[in-house]
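Every heavy atom of this structure was used, including side-chain atoms; hydrogens, water molecules and symmetry mates were not. Naming convention: chains lettered A, B, ... in sequence-line order (proteins, then strands); numbering from 1 in each chain. Predicted model only: the values in this text are computed from it and were never measured.
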2 protein chains.
Amino acid sequence: MPESIWFRDDARPRAPRLSRERIVEAAVALLDAEGVAGFSMRALAARLRAGTMSLYEYVKSKEDVLDLALDEVIGEIEPPGAGPWRELLVRQLTQSRQVMRRHSWVPALTATRPLLGPNALARSRGFYSALADAGLSGATLTAAVGTLSSYVNGFVASENTWWDTVRTPEADAEIRGKVTRHLDDHVGELARHAQVDDGDFDAQFLLGLDLVLDGIATRLPPG
Amino acid sequence: MPESIWFRDDARPRAPRLSRERIVEAAVALLDAEGVAGFSMRALAARLRAGTMSLYEYVKSKEDVLDLALDEVIGEIEPPGAGPWRELLVRQLTQSRQVMRRHSWVPALTATRPLLGPNALARSRGFYSALADAGLSGATLTAAVGTLSSYVNGFVASENTWWDTVRTPEADAEIRGKVTRHLDDHVGELARHAQVDDGDFDAQFLLGLDLVLDGIATRLPPG
DNA sequence: CAACCCTTCCGTGCACTGTACGGAAAACCG
DNA sequence: CGGTTTTCCGTACAGTGCACGGAAGGGTTG
């Protein structure tokens, strides 16, 4: 009599076990652990000890979950604070980079979807007003904001793929050598400085960022 | 007698019907038509009137096909030619943008994979030597090249998702209004200039590019 | 108290994915 | 002629997103 009351577990909790928040939190954890390729609704449900279809009470599709997870981690970036525009932006963008490295799946997602979540928009607003305060406006302002976020996205994306390429399989050193030799053969000694040392990324990031900020500085009204 | 010779088609062509080139060509066409999400090995084989598993004689995995297709379209960018560094780069990057708009799946792929194909490396080499001729070297050179390609990738990526968002379903105008109002509500009037007019992208692209190039110009040796 | 509905949960099933495996036939080579 | 290699591909398997419908409990209403 496997259907007897004594073997069933009918008890339904009064409050819902799941929630959009719990789902998004688990999604971020799953993405961190397995990447975009390893992310599936079944795995996400398993992580929450729930049936797969239960998720769909709180979310319309897998795409929804990805959108929400993306905006969630963008929310990890702290609000700008005060200070001269240049230092403010350097701080803000350095933080963005750190968040995107903690969650290395972010660049892959930002490349395909519009950033319309509340946290993304708040961050965007921060950039706009920092540069507006500095004296930019109109199309130049838009161009400056777009350039800055493109730069960060692009930099972290290539930084991440570099790490993935180098550290994917066993002994790292051999693969790294193969790739650098490949690059050397085809691009030549000019690129000798490209991604060859591990810690160089920090310095490279600030170098490129300064370049862009210098470009922006030339557009500011005198004073 | 369905197995009779008269009903069979045993004729094997002397030369192989498939080839890596044909596969890559069809892959690009399929990606153009259906995007990354609609790309599958089965659909690709169907387009070539071949069995799915036949593809695997010429290619190890779907990832391989994507890598090859990506490098293929990067090859559509013409070699730099001659001229002053700045005009040369503007020409080259404008072309890159055009190619990435023709093949709107490119930004999504470049965000996840290392660009190690022959055409990608050739283009990279073009950037390096143009800026080296202009007088850059070392880490600054690397930063400049990285910044430029990040900029183009990022710009076209957001340009493409904008088009996708706006023109996905029926009447465009309604959705466009909803999105712009959403942006307006959250980012405010500062972003009034952001993606609101269709043809503005060309101008915006050159504006941001000039910004980056100005930043690079400040790093050149005097003269 | 009963009758009803609404919310939450989820098992089943379907159409589709990438690709491992093995076979079949033709071409080439001794 | 026999054996090997090249090309092609059917079948099968484990996995995917999600539509559908049902079940169980709490809440609301007669």
Basic-acidic side-chain contact under 4.0 Å: B/D202, B/R97: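 Result for this pair is yes, salt bridge flagged.
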
For B/R113, is there an ion pair with B/E63 - N to carboxylate O distance below 4.0 angstrom?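 Answer for the salt bridge query: yes.
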
Can you tell me how the ring of A/Y151 sits relative to the ring of A/F205, calling it parallel under 30°, perpendicular over 60° and tilted otherwise?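 Taking A/F205 first and then A/Y151, their aromatic rings lie parallel (interplane angle under 30°).
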
Can you check the [X] [atom1] to [N] [atom2] distance for me, whole Å?
X     : N      : atom1 : atom2 : result
B/E57 : C/dA24 : CD    : P     : 16 Å
B/L66 : C/dG18 : CG    : C1'   : 12 Å
A/L55 : D/dA19 : CG    : C1'   : 15 Å

Would you tell me if any nitrogen or oxygen in the side chain of B/S54 comes within less than 4.0 Å of OP1 or OP2 on D/dC9?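 For D/dC9, OP1 or OP2 has a side-chain N or O of B/S54 closer than 4.0 Å.
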
Output the distance between atom OG1 (B/T142) and atom CG (A/D200), rounded to the nearest 0.5 Å.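 The CG atom of A/D200 is 9.0 Å from OG1 of B/T142, to the nearest 0.5 Å.
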
Could you point out which residue of B/R102, B/R123, B/R101 forms a salt bridge (Lys or Arg N to Asp or Glu O under 4.0 Å) with B/E76?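 Only one of B/R102, B/R123, B/R101 forms a salt bridge (Lys or Arg N to Asp or Glu O under 4.0 Å) with B/E76, namely B/R102.
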
Return the 5'-most residue of the pair B/R49, A/F39 with respect to DNA chain D, ranking by each residue's nearest nucleotide.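 Nearer the 5' end of the strand: B/R49.
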
What contact category does A/A50 fall into here, base, sugar-phosphate, or nothing, at under 4.0 angstrom with non-hydrogen atoms?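 Sugar-phosphate contact only.
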
If you check the A/R17 side chain, which of C/dT8, C/dC10, C/dG18 turns out closest?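 Of the candidates, C/dC10 comes closest.
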
Show me the protein contacts with nucleotides 19-21 of chain C, counting only N or O atoms at under 3.5 Å.
| unit_1 | atom_1 | unit_2 | atom_2 | d |
| --- | --- | --- | --- | --- |
| C/dT19 | OP2 | B/Y56 | OH | 2.9 |
| C/dT19 | OP2 | B/K62 | N | 2.9 |

